[in-house]
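First the structure, in the form of C-alpha cells, and then the observations on it.
Note that this is a predicted model, so its numbers are computed, not measured.
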Amino acid sequence: MDLVTMNILESTMVSICREMGIVLMKTSYSTIFNEALDFTCGLADLDGDMIAVADYCPAQIGGMPLLVRSCLKEIPLSEIEEGDVILHNDPYRGGLHTPEHTFFKPIFVEGELMGFAVAIGHIAEVGGMAPGGFCGEATEIFQEGLRIPPVKIKKRGKDVIEVWKLLLANVRTPRVNYGDLRALIAAVDLGEKQMTQVFKKYGKQKVKETVRDLLLYSERRMRAELEALPDGRFSFIDHIESDGIEEDRKHTIEVEVTKKGGDIIVDYTGSSPQAAGPINATLGVATSAAYNAVLHMTDPSIPRNSGCFRPIRIVAPPGTIVNVDFPAPEVGGNTETHPRIVGAIMGAMSKAVPNRTMAAEGATHCNFVFGGVDAETGEFFACYDLEAVGWGGRAFADGNDAVDSINGNCRITPVEVYETRFPWRIESLAFNPDSGGAGEYRGGVGYTKQMLCLNKEIICSQMTDRHLIAPWGLNGGGEGGTGATLVQKAGESKWKTMREAYGKKSTSRYSNVSIRKGDRVRLVTPGGGGYGDPKKRPKDHVRDDLTEGYITGDFAKRNYSFEESKS
C-alpha cells in the first residue's frame, strides 16, 4: 500500500467531485441547485463501489453505492458504450425518492471501461399530483411523479430524443427541468473528462490498485474507530407524528444497535408497518441513514467511500416504514424519515458514547413546495423550498442554530433570490426565541419565515414534521420548540393551521392548498433539544443568550432560575 500515492489520488478525486458540483451549481436553472446545493457528485468503480465523493448531501452520499449497483443490474457493463449517459430515479430500483435523479457516465480509457462519474440531484418539479414534487397526501407512488428506470438519455455522445420528449412532457416546468438535467449531465461530463486524465497520468493498473487499497484503508480505519467504542446492544424509539392520511396516528421508528469489535449492526425490527401516506423510507434511505449516523460519530478524516461502509450492516424488515413495499408512497422518507432514523441511532448510541452524539435536532426540511402561473409572465413556475432547523445540544457545545437537517447539508434560498424568482414577498425572517431546548448546553434555535402572496393564486403543498412531537433532550436537557405552518387569509386577522383553514387531516402534511393574492403564510421551524442539566449552564452563557435574543427573560427565569440585575 503506497500511502503517499493513495493520499494524492484520493485528494485529486475528491477535488474532481467538488468541481463537478461547482459546474452543477453554476449551470443549473432552479434554486434548489444553484442556491440550496441539493446534490452530490461522486465517482464509482465497476463493482458499483463509491470510490470518492464531495462533501455535499449526506443522504445522497450514503445512497450512492446501492443506486449504482441497481443500475448495473439492468444495464450490464457489456451494453455500456463510450459517450453514454444513464439516468435513473426509481425509488423501487434502489433509489432514494422520486425527485432524486441520478446520472451515470462511463469512464473509458483507451477503449476500456474503468468506472463511472455520478451526479445525484433533487429535481424541483417531477410531475405527479402536486406542483413541486411533494404531495403530502399521496397514497401510492404513481401520485408522486414520473418514475424513470435506468435508461440511456445519451447514447455514444448523442441525445436520445425520445427520452427527452418523455421527460419534458410530464412536468409543469419543461424549460427549467431541461436546464437542470443539462447541468447534471455537464457535471458527469466533467467528472469523466478529469478522471480520464488521471488514468492517463498514473496508468490504469496503478489507479485500480490504489483505489482498491484506498477502500481497504477506509474500511480498516472505520473498524479501528468502532473497536474503540464499547460493545453492547443499545436501543431507542422515536415517533413520526403523522403521515398526512391517517389523522393523528403516530408511526414508530425502533432501532437496536449492536456493536461488537469492528462491526456494527443497525436493526430496525419493531418499526411500524408501512404507512398509508408518503413518509415511508426505501431500503436505500434506511441504509443511507445508518451510514450517516455512524459517520457523524466517527473520525471525519476517514475517506468517504464504500470501504468505510463495509463494517456497517442493516436489518430493515420489508413492508415497514423503513423498507417500504411497492406501490406505497415514499417521497417524505428521504427528507423526514431519514433524519428521524439518524436521531434514533444517535439516541441509542448516546448510552455508549455520550460525547459523540447529540440531542434531537429539528429533523425536517420543512419541504414547502408550490407552483402556479405567473401573472406577469404567463409562465408556469414551481419551487421546492427547504428551510433550516435547530440542532441538538452536545456534551461539549450548544446545538447549531438554523442549519439544514442532518441529512441535507443544504442552504436556504436568500430572500432577494426568492422574491426575484417567485411571486412572494418575504415580510420577515427571524430566529424563534426559546425554541432551543434548555440544558447545560442548549439546543439550537429555529426561525420563522413569513410570506405574502403576490400572485393571483399559488398552489402549495408541504411535507414536514415536529408540529406535535417536540425534539427530545438528552441527559436532563429540555425539549426543543415545535414547528408550525400557519395561514392568514386576506382581510382576516387570525392565523390558522392548514387543518383549521382547509380541513386537512394533518397540520404538517397536506397537498394542493390554494393560496390567494393577499394571503400570508408563516413557516415556523423547530429547534433542537437541550443536553445536560439546565442548572449547570454557566450564568454568563445564559446572559449571552438573553443579549443575543436566543431566549427571553421568562425562559431564563423558568429554566435557569436566572434574572437580570436591574441595577
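For the residue pair N367 / E336, a side-chain donor-acceptor distance below 3.5 Å is found, with atom types taken as modelled. E361 and S405 form a side-chain donor-acceptor contact under 3.5 Å, judged by distance and modelled atom types alone. In this model, a donor atom of one side chain and an acceptor atom of the other lie less than 3.5 Å apart for N432 and T448. Inspection of the Y92 and E330 side chains reveals no N or O donor paired with an N or O acceptor under 3.5 Å. Judged by distance alone, the side chains of D180 and S30 do bring a donor and an acceptor atom under 3.5 Å apart. H467 and T507 share a side-chain donor-acceptor pair at under 3.5 Å. Side-chain N/O atoms of W472 and D238 include a donor and acceptor closer than 3.5 Å.
Here the closest non-hydrogen pair linking T364 and C366 is OG1-N, 3.0 Å. Scanning both residues, L523 and M451, for their nearest heavy atoms gives CD1-CE, 4.0 Å. Here the closest non-hydrogen pair linking G42 and M20 is O-CE, 4.0 Å. Heavy atoms only, all atoms of each residue included: G481 and P471 are closest at O-CD, 3.8 Å. Nearest heavy atoms, T357 versus M346: CG2-O, 3.5 Å. Heavy-atom minimum distance, S271 versus V322: OG-CG1, 4.2 Å.
Residue L386 holds its CG atom at 6.5 Å from OG1 of T413, rounded to the nearest 0.5 Å. For the atom pair CG of D55 and CD1 of I61, the computed distance is 7.0 Å after rounding to the nearest 0.5 Å. Summarising the geometry, atom CE belonging to M463 is positioned 8.0 Å from atom SG belonging to C135; distances are rounded to the nearest 0.5 Å. Remark: C460 SG to I515 CD1 distance equals 5.0 Å, nearest 0.5 Å. To the nearest 0.5 Å, atom NE2 of residue H101 and atom CG of residue L184 are 8.5 Å apart. F236 CZ to I253 CD1: the interatomic distance, rounded to the nearest 0.5 Å, is 10.5 Å.
Y291 meets the ring-ring contact (aromatic ring centres under 6.0 Å, His included) test with F309; sequence neighbours excluded.
When side chains are defined from C-beta on, R520 does not count as touching V487, because their heavy atoms never get closer than 4.5 Å. In this structure, M25 and L37 have side chains that are in contact, with non-hydrogen atoms separated by less than 4.5 Å. With contacts defined as side-chain heavy-atom distances shorter than 4.5 Å, the pair V188/F104 does not qualify. Looking at heavy atoms from C-beta onward, E225 lies out of side-chain contact with V294 at the 4.5 angstrom threshold. At a threshold of 4.5 Å between non-hydrogen side-chain atoms, the residues L67 and I120 count as touching. In this structure, the side chains of I141 and P91 come closer than 4.5 Å at one or more pairs of heavy atoms. When side chains are defined from C-beta on, L474 does not count as touching M358, because their heavy atoms never get closer than 4.5 Å. With contacts defined as side-chain heavy-atom distances shorter than 4.5 Å, the pair R313/V266 does not qualify.
A distance-only check finds no donor-acceptor pair linking the side chain of E100 to the backbone of Q60 [under 3.5 Å]. No donor-acceptor distance shorter than 3.5 angstrom exists from the side chain of T287 to the backbone of G284, with no hydrogens or angles considered. Between the side chain of N280 and the backbone N or O of P329 there is at least one donor-acceptor pair closer than 3.5 Å. Between the side chain of T497 and the backbone N or O of A484 there is no donor-acceptor pair closer than 3.5 Å. Under a 3.5 Å cut-off, the side chain of S288 and the backbone N or O of A59 do form a donor-acceptor pair. Between the side chain of R411 and the backbone N or O of E35, at least one donor-acceptor pair lies under 3.5 Å. The backbone N or O of A130 sits nowhere less than 3.5 Å from a side-chain atom of S461 that would complete a donor-acceptor pair. Judged purely by atom type and a 3.5 angstrom limit, E144 uses its side chain to pair as donor or acceptor with the backbone of V331. D404 contributes a side-chain N or O that, together with a main-chain N or O of N409, makes up a donor-acceptor pair within less than 3.5 Å. In this structure, the side chain of N407 does not engage the main chain of H338 through any donor-acceptor pair within 3.5 Å.
The side-chain tip of R175 does not point at the ring of Y29 from less than 6.0 angstrom away and within 45° of straight on. Relative to the ring axis of Y418, K449 places its NZ or CZ within 45° and under 6.0 Å from the centre.
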Verify side-chain contact (heavy atoms from CB on, under 4.5 Å) between Y268 and E254, making sure each step is shown before the conclusion. CA-CA 6 Å; Y268 303 118; E254 185 169 336; over 6 Å; no
For D545 and R442, run salt bridge (charged side-chain N to carboxylate O under 4.0 Å, His left out): C-alpha distance rounded to whole Å, both residues' side-chain angles, the deciding distance at 0.1 Å, then the answer. CA-CA 10 Å; D545 288 343; R442 66 164 176 83; 3.2 Å; yes
Using salt bridge (charged side-chain N to carboxylate O under 4.0 Å, His left out), reason through R69 and D49 one step at a time and then give a plain yes or no. CA-CA 8 Å; R69 291 193 183 102; D49 282 328; 2.4 Å; yes
So E241 and R466, salt bridge (charged side-chain N to carboxylate O under 4.0 Å, His left out) or not? Walk me through it. CA-CA 7 Å; E241 64 194 26; R466 296 287 199 203; over 6 Å; no
Working note: R221 + D299, criterion salt bridge (charged side-chain N to carboxylate O under 4.0 Å, His left out); need CA distance, chi angles, decisive distance, verdict. CA-CA 9 Å; R221 286 197 57 187; D299 188 342; 3.0 Å; yes
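A centroid separation of 6.0 Å or more is found between the aromatic rings of Y441 and F396. In this structure, the ring of F103 has its center no less than 6.0 angstrom from the ring center of F39. Side-chain rings of H122 and Y384 approach one another, their centers coming within less than 6.0 Å. Proximity of the aromatic rings of F134 and H97 is defined here by a centroid distance below 6.0 angstrom, and this criterion is met.
Residue S272 forms a side chain to side chain contact (heavy atoms under 4.5 Å, CB included) with just one option from H239, H251, K250, and that option is H251.
Environment of CZ in R182: crowded, with over 12 heavy atoms of neighbouring residues, nucleotides or ligands closer than 6.0 Å. Counted within 6.0 Å of NZ on K504, heavy atoms from surrounding residues, nucleotides or ligands total more than 12; the atom is thus considered enclosed.
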